[in-house]
Amino acid sequence: MGSRRGRDSRPARRLEPADPPIRQRIEKIFGTWKRSYGLRRMRWRGMAKATLLIHLTAIAYNLKRAMAITTVA
């Protein structure tokens with residue numbers, strides 16, 4: 001076997017997976033934001049504008065979701 005110069009001799013440690021239902025819910029929200037709210041790309045926006053865009057998207061998503069929840073009940 002070749003030299004492993006600059007590498008640790010121990011095998012890589014795997015991270016424990018996140019709780020699947022929680023991760024699934026979060027990934028669904030991010031997917032909706034990307035698909036429906038234009039967050040697929042944030043190139044050339046700058047950090048302040050990107051942060052504002054994410055916050056406004058979260059507000060819009062939560063308002064739409066709250067209306068759907070309250071009209072059903």
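Residue numbers start at 1 and run along the sequence shown.
If you chain together ILVMFWY residues whose side-chain heavy atoms come under 4.5 Å of each other, Tyr61 ends up grouped with Ile22, Ile26, Ile29, Phe30, Trp33, Tyr37, Leu39, Met42, Leu53, Ile54. Alongside Leu52, the hydrophobic cluster contains Leu56 (criterion: ILVMFWY side chains under 4.5 Å).
Shortest non-hydrogen contact noted between Arg40 and Arg35 is NH2-CA, 4.1 Å.
When the side-chain contact (heavy atoms from CB on, under 4.5 Å) test is applied to Thr51, the partners found at least two apart in sequence or on another chain are Met47, His55.
Within 6.0 Å of CZ on Arg41 lie no more than 12 heavy atoms contributed by other residues, nucleotides or ligands.
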